[in-house]
Amino acid sequence: MTKVVIVKANSYDTQVVEQVMQDLLAHLGGIERYINAGERVLVKPNMLEAVDKASGVTTHPEVVRAVVRMVKSAGAIPVVGDSPGVGNLRKVAEKCGIWQVCQEEGVLLVSFNEIAELALPEGILLKKLNVANVVTEVDKVISLAKMKTHSFMGVTGAVKNLFGLFVGTDKAQFHLRMKHRTDFARMLVDLYRAIKPVLSIVDGITGMEGAGPRNGQVVRSGVLLAGSCGFSVDLVMADIMGFDAEQMPVAQAALAAGLSPALAAIDRVGSGKDEHLHFKEPRNFDSLERKLPGWLVDFSQNQFTAKPLIDRACIGCGRCAEHCPPKAIRIIQGKAVIDYRECIRCYCCQELCPADAVSLSDGRLLRLVKWLRER
Ligand code: SF4
Ligand code: SF4
């Protein structure tokens with residue numbers, strides 16, 4: 001039976017987090033079960049963008065520290081790296097505190113610039129992937145995610161965290177190529193299979209609800225999760241958040257491919273095994289779209305999915321225009337303007353807007369269906 005450990009933790013105090021991390025790993029048989037002496041280990045936190053560690057957007061630096069120390073305790077050599085959605089890695093790491101932890105712990109922070117091709121003949125959608133070449137230079141990878149809602153994927157945890165292994169503009173290309181949640185989720189399942197992280201750990205001491213992964217509200221969720229199967233860790237995480245975990249797109253894709261156990265088949269252990277929280281769903285995330293055939297979603301995408309709206313808080317910074325995969329946004333007279341004929345509803349603009357100026361409005365059919373359901 002696949003095991004997921006959930007341990008309660010209410011503080012980012014260095015000693016507390018280190019103790020909790022040891023507790024997590026003890027439940028999983030100890031770090032030596034996963035990491036051998038002398039191995040190089042990539043620790044991959046969520047470093048979405050340059051924001052304060054208290055924002056709930058990025059993996060907390062003290063959790064990174066605890067994992068780095070744990071890897072060292074096995075006699076291995078940790079390196080920390082990510083490819084942020086916005087901004088350069090050094091700036092992002094400095095702002096969220098991970099740079100300082102790397103300095104204090106004598107650990108290399110690696111930028112993902114070079115690309116390596118990984119073959120995945122058994123992939124559902126992708127038979128080969130171009131990812132940061134650092135994954136070919138290390139022996140093991142640890143996914144060190146943040147517990148958050150996600151406008152497009154419902155939740156983001158250990159599996160979605162690996163999306164940061166795609167370098168630079170490759171991320172936008174995936175949004176363009178995989179416009180539907182189901183395809184995007186299958187791509188993430190392929191990515192997970194190609195990377196095969198040896199451990200998946202989620203920082204849920206604080207999490208994010210609502211308009212995640214960037215503009216939601218911080219929740220004091222008080223848990224850390226870990227396991228050797230990222231799909232299982234994310235299923236349990238989504239369940240603890242109060243969502244229909246098996247209906248999350250990545251869970252659906254992994255279950256359909258026979259790569260994930262059912263939620264009921266996962267053995268939960270640890271002081272937080274009975275935790276049940278009530279995170280607010282992302283505004284546009286509705287299970288209906290996930291139950292429809294792809295052709296119907298394609299035909300009526302704009303009606304079944306929420307539309308991004310730019311409000312008065314827009315400061316015209318241009319970040320959304322720069323990162324919009326189909327280039328559907330222009331800055332006109334200091335404000336972002338969306339061409340909805342081009343918009344693919346990926347919500348990158350909402351995810352990356354520093355002014356929280358992008359809200360989501362349900363399409364007409366979606367509004368009608370929700371109204372019918374409530375009657
Ligand atoms: S919507 Fe947000 S990201 Fe886009 S220009 Fe306005 S403030 Fe910048
Ligand atoms: S306007 Fe926003 S939601 Fe639409 S394609 Fe661009 S980034 Fe994605």
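Keep in mind the model is a prediction, meaning the values are calculated, not measured. Just so you know, ligand 1 is whichever comes first in the structure, and atom 1 is the first atom listed for that ligand.
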Fill in: Within 45° cone and under 6.0 Å: Lys53 NZ/CZ vs Tyr12 ring
no
Fill in: Any donor-acceptor N/O pair, Lys148 side chain to Gly204 backbone, under 3.5 Å
no
Worksheet item: When hydrophobic residues are tied together by side-chain contacts of less than 4.5 Å, even through go-betweens, does Val64 share a cluster with Val107?
Response: yes
Practice prompt. Using a strict cut-off of less than 4.0 Å between a Lys/Arg side-chain nitrogen and an Asp/Glu carboxylate oxygen, indicate whether Asp139 and Arg40 qualify as a salt bridge.
Written response: no
Response to the item:
Excluding water, the protein N, O or S atoms sitting under 2.8 Å from atom 4 (Fe) of ligand 2 are Cys343 SG
Item to complete: Spell out the protein N/O/S atoms under 2.8 Å from atom 6 (Fe) of ligand 1 as residue plus atom name.
Response: Cys314 SG
Discussion item. Do the side chains of Glu342 and Lys327 get close enough for a salt bridge, i.e. N-O under 4.0 angstrom?
Written reply: no
Practice prompt. If the plane angle is over 60° it's perpendicular, under 30° parallel, otherwise tilted; pick one for Phe184 and His175.
Written response: parallel
Worksheet item: Pro354 heavy atoms, cut-off 4.0 Å: which ligand 1 atoms fall inside?
Response: 3 (S)
Worksheet entry | Within 6.0 angstrom of Lys171 NZ, more than 12 heavy atoms from elsewhere | yes
Discussion item. Take a 6.0 Å sphere around CD of Glu114 and say whether it holds more than 12 heavy atoms from other residues, nucleotides or ligands.
Written reply: no
Discussion item. Between Glu94 and Lys91, does any NZ, NE, NH1 or NH2 come within less than 4.0 Å of an OD or OE carboxylate oxygen?
Written reply: no
Item to complete: Decide if atom NZ of Lys72 counts as having more than 12 heavy atoms of other residues, nucleotides or ligands within a radius under 6.0 Å.
Response: yes
